[in-house]
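Encoded as structure tokens, the structure appears first; notes follow it.
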Amino acid sequence: MPPTPKLVLDGKAVETILALPAAQRRRLLDSLDRLCHEHPHTSEDFHFADETGRHISIKAIRPVLVAYWLDVPVNELRITRITRVRPQTK
């Protein structure tokens, strides 16, 4: 079994995590840890290719969407964006 990739977070992603209420922050951090131990492409909810053609995975972890990619040569799971999703109001 390959070693667990190192979790690497973008600075803005860290700011988003810190702005969450404590319970949501703990749940998100636990989910990111689990994501490191899973195969990233099988646990994604959807994906897209960025401007360089890189496979960017998206995982919904309420109340956020996490964008990430696995940097295989250096064994890092790179979190590139965490977007807080706000419920729609009618």
Side-chain angles (χ1 to χ4, degrees):
M1 184 163 129
T4 303
K6 177 181 175 184
L7 183 63
V8 178
L9 295 139
D10 173 81
K12 293 229 183 254
V14 172
E15 290 174 13
T16 302
I17 292 170
L18 293 175
L20 292 172
Q24 290 177 357
R25 185 172 51 244
R26 280 190 301 273
R27 194 173 91 235
L28 176 58
L29 292 173
D30 288 343
S31 296
L32 292 176
D33 184 57
R34 277 193 308 278
L35 190 60
C36 282
H37 292 86
E38 299 170 354
H39 188 275
H41 299 307
T42 59
S43 48
E44 69 186 17
D45 292 317
F46 57 96
H47 68 272
F48 67 95
D50 70 5
E51 59 278 352
T52 67
R54 181 179 296 126
H55 182 102
I56 305 294
S57 299
I58 305 292
K59 179 78 175 167
I61 305 170
R62 292 182 184 214
V64 299
L65 295 175
V66 178
Y68 61 93
W69 64 281
L70 184 60
D71 191 349
V72 175
V74 293
N75 198 32
E76 293 178 341
L77 182 66
R78 296 187 171 268
I79 308 300
T80 59
R81 187 175 350 127
I82 297 179
T83 306
R84 192 164 186 180
V85 180
R86 304 204 190 279
Q88 290 183 329
T89 56
K90 294 182 180 185

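Fair warning: this is a prediction, and the values are worked out from it, not measured in the lab.
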Taking the side chain as C-beta and beyond, is there a heavy-atom pair between Val8 and Asp71 under 4.5 Å?
no
Is it the case that more than 12 heavy atoms not belonging to Arg81 sit under 6.0 Å from its CZ atom?
no
Quick check against the 3.5 Å criterion: does Arg78 have a side-chain atom that pairs as donor or acceptor with the backbone of Trp69?
no
Can you find a heavy atom in the side chain of Val64 that is under 4.5 Å from one in the side chain of Gln24?
no
Would you name the heavy atoms of Pro5 and Cys36 that are closest together and state the gap between them?
CD-O, 3.1 Å
Hey, could you give me the CD/CG distance between Glu76 and Leu9, rounded to the nearest 0.5 Å?
11.0 Å
Show your reasoning for whether side-chain contact (heavy atoms from CB on, under 4.5 Å) applies to Ser43 and Tyr68.
CA-CA 11 Å; Ser43 48; Tyr68 61 93; 4.0 Å; yes
May I ask you to test the Ser57-Leu70 pair for a side-chain heavy-atom distance under 4.5 Å?
no
Tell me, yes or no, whether the heavy-atom count around Arg62 atom CZ, taken from other residues, nucleotides or ligands under 6.0 Å, exceeds 12.
no
Evaluate side-chain contact (heavy atoms from CB on, under 4.5 Å) for Ile58 paired with Asp45, printing each intermediate quantity in order.
CA-CA 6 Å; Ile58 305 292; Asp45 292 317; 5.7 Å; no
Across all chains, not counting sequence neighbours, the side chain to side chain contact (heavy atoms under 4.5 Å, CB included) partners of Val85 are Leu65
What's the spacing between Leu29 CG and Ile17 CD1 if we round to 0.5 Å?
5.5 Å
Does Ile79 reach the side chain of Leu7, with side-chain heavy atoms less than 4.5 Å apart?
yes
Following the transitive rule for hydrophobic clusters with a side-chain heavy-atom cut-off under 4.5 Å over Ile, Leu, Val, Met, Phe, Trp and Tyr, establish whether Val72 and Leu35 coincide in one cluster.
yes
Gap separating the CZ atom of Arg34 from the CD1 atom of Ile61, nearest 0.5 angstrom:
7.5 Å
Output the distance between atom CZ (Arg27) and atom CG (Leu20), rounded to the nearest 0.5 Å.
9.0 Å
To the nearest 0.5 Å, how far apart are CZ in Arg25 and OG1 in Thr16?
12.5 Å
Assigning hydrophobic clusters by single linkage (Ile, Leu, Val, Met, Phe, Trp, Tyr; side-chain heavy-atom cutoff under 4.5 Å), is Phe46 placed with Leu32?
no
